[in-house]
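So that the names make sense, note that chain A is the first sequence line, chain B the second, and so on, each numbered from 1.
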Protein chains: 2
Amino acid sequence: MIEDKNRQRTQLSDLGEFGLIDHLTKNFKIKQSSTIKGIGDDAAVLKFKNKIVVTTDLLIEGVHFDLSYMPLKHLGYKAVVVNLSDVYAMNATATQITVSVAVSNRFPLEALEDLYAGIETAAKIYNIDVVGGDTTSSNTGLLISVTAIGEVSDDKEVYRNGAKPNDLLVVTGDLGAAYMGLQILEREKEVYKVNPSNQPDLGHYSYIIERQLKPEARKDIVKLLNDLEVKPTSMIDISDGLSSEIIHLCKQSNVGCDLYEAKIPLDPQVISTCEEFNIDSTTVALNGGEDYELLFTISQEDFPKVKANPNFSVIGFIKEKSEGIHLVTRAETKIPIKAQGWKNFND
Amino acid sequence: MIEDKNRQRTQLSDLGEFGLIDHLTKNFKIKQSSTIKGIGDDAAVLKFKNKIVVTTDLLIEGVHFDLSYMPLKHLGYKAVVVNLSDVYAMNATATQITVSVAVSNRFPLEALEDLYAGIETAAKIYNIDVVGGDTTSSNTGLLISVTAIGEVSDDKEVYRNGAKPNDLLVVTGDLGAAYMGLQILEREKEVYKVNPSNQPDLGHYSYIIERQLKPEARKDIVKLLNDLEVKPTSMIDISDGLSSEIIHLCKQSNVGCDLYEAKIPLDPQVISTCEEFNIDSTTVALNGGEDYELLFTISQEDFPKVKANPNFSVIGFIKEKSEGIHLVTRAETKIPIKAQGWKNFND
């Protein structure tokens, strides 16, 4: 929508693969002592004292993002962040990423430069090294595949399977904003199609739009938990929505859970936008996804360490498996939580 | 071409993301002691004593492969092998991979099962663990993104930048076969379009077709070099063709090179097929690509250890940088070697 039509367009074929990779990664600096060799050989070479964690995610145009409202710089940033979120969910420190990009010829070099500027910004802010990747052509759209690596010491690592009955269920930040931001962007796209000269005022929605277009991973929470001397008994990041993440934690920990509707943290913009769209805000928080907050469980004895902290909301209790997984509504009724899952194959 | 039209077709949407990943990876076994946690958490957890190497590659339908003659099982196998080849080029031991796949709804579950069967076969043969991945939908074709991890001790690691003047340039196996196999497959595809009932006899081309459809990575060479107590001064794998790999080695090592045309190893099927297509076999070896052989340099003192070995061909000498990079032809003339590079963006 905000494309500058007069910008220079350099054809990708003018550079070739090697020139292209060199060009796009020339500003990338190595910052981590664990990086022995970054881009430029058959493989990157890394050295760690501790265990490492490895995670990978694929973002595909038309499935995971829509370039009509997602600026390429933000897309590059988001592609990194969604992977780092998985590293932090292991209570680990993110250290390196590799990035593979496929683009069709409809993208000029300047578009790829924007994408890599977003990747570089994320690498700077999260203090990680870009140590490898691949740039290739596609016959159709744009896609980004990122693999993230992190380091974690034996006394810090947290899995999904450690939750115990009577543990507290805690979530960071607030939920549902990224999903409602997407609803606003989709609505504006439809308005734009009818009237391209319309200049929307999206100031009322700035927080929820930013949560969709430029999410952050909770690196700060890993540090905070460490400072507070709290080691979660289990942890997962919220990428698909609270309900499916709770189900993952409970299944892998072999436990049940009571989630309190009244305790789910919601930003005022989410509440007002849900009212505007006539959607139930609890449904949005449970199934919206893309929040990239952390969901974890702690022993009750750690409660004093987290209770006054505005970063954390205690939203439920872990139960015996036989008691099932339930939402306790504001009206004090219990409803079983079911995975809404992921519907990309259901188009 | 050899698709069974009566095979069962299960829609991917019947499973959803989590059911799909569970289903496709349920047979994958963990074999490496360095794998602490494989698929099933936010990230895999690994532990190494030594340095690790990390490399990633993206294969895209219509750019890197054509499903009209590439069986999906072979494609899964090849996607793993091309990444392992980069690990072996560091003189490292491959240990883990992550695999991300995007498919459109035109693929039934059974097609993905074939693809993952190929991945599983490669994992077994090369003794690596599949520790993570992502399966998602695409609006168009199929793509596979693989990240491979390996381990290498400080006294074994080999980079591209260690070649010294007077070193010998050595290549494994033979060159140009994968490219000529592709020419045969492309020709048969055109024949098939005109006459679908035609049953081609490809027996004469079995070696070169296999080199295209089911390449192998030279894990055996890493072991052999170790057994022979030869540590290359530099090494690279041949994915884009001998000429561009020689240029990479020379540029990064800051040296020149004389490559002897008469010494380039060619299989008799490559020679006869080149004659049939009226293509110069040296050109094919220099620019064909996808051979996944290893190209390395050794000190002259190591020559006795490799000279009688049928796995190795000494094809040239490293020179001072000022002497340039040349092909010494059979007629004893010197021609500068130029990168043909990679033309995927030039369509």
Look at [options] and state which one has the largest set of heavy-atom pairs under 4.5 Å with chain B.
| options | value |
| --- | --- |
| A:A44, A:S100, A:G133 | A:A44 |
| A:T55, A:V53, A:T56, A:L46 | A:L46 |
| A:K37, A:E61, A:K51, A:R160 | A:R160 |
| A:A89, A:S85, A:A43 | A:A43 |

Distance (rounded to the nearest 0.5 Å) between B:I144 CD1 and A:S145 OG: 11.5 Å
Checking heavy atoms, do the side chain of [X], its backbone, both or neither come under 4.5 Å from chain B?
| X | result |
| --- | --- |
| A:K49 | backbone |
| A:I52 | both |
| A:V45 | both |
| A:I60 | side chain |
| A:Q96 | neither |

Step-by-step side-chain hydrogen bond (donor to acceptor under 3.5 Å, both in side chains) determination, A:S153 to A:N50: CA-CA 5 Å; A:S153 61; A:N50 295 301; 5.2 Å; no
Most chain A-contacting option - heavy-atom pairs closer than 4.5 Å, from B:G62, B:G150, B:G132: B:G62
Chain A contact via B:V131 - side chain, backbone, both or neither, heavy atoms under 4.5 Å: neither
Side chain / backbone / both / neither for B:I36 at chain A, heavy atoms under 4.5 Å: side chain
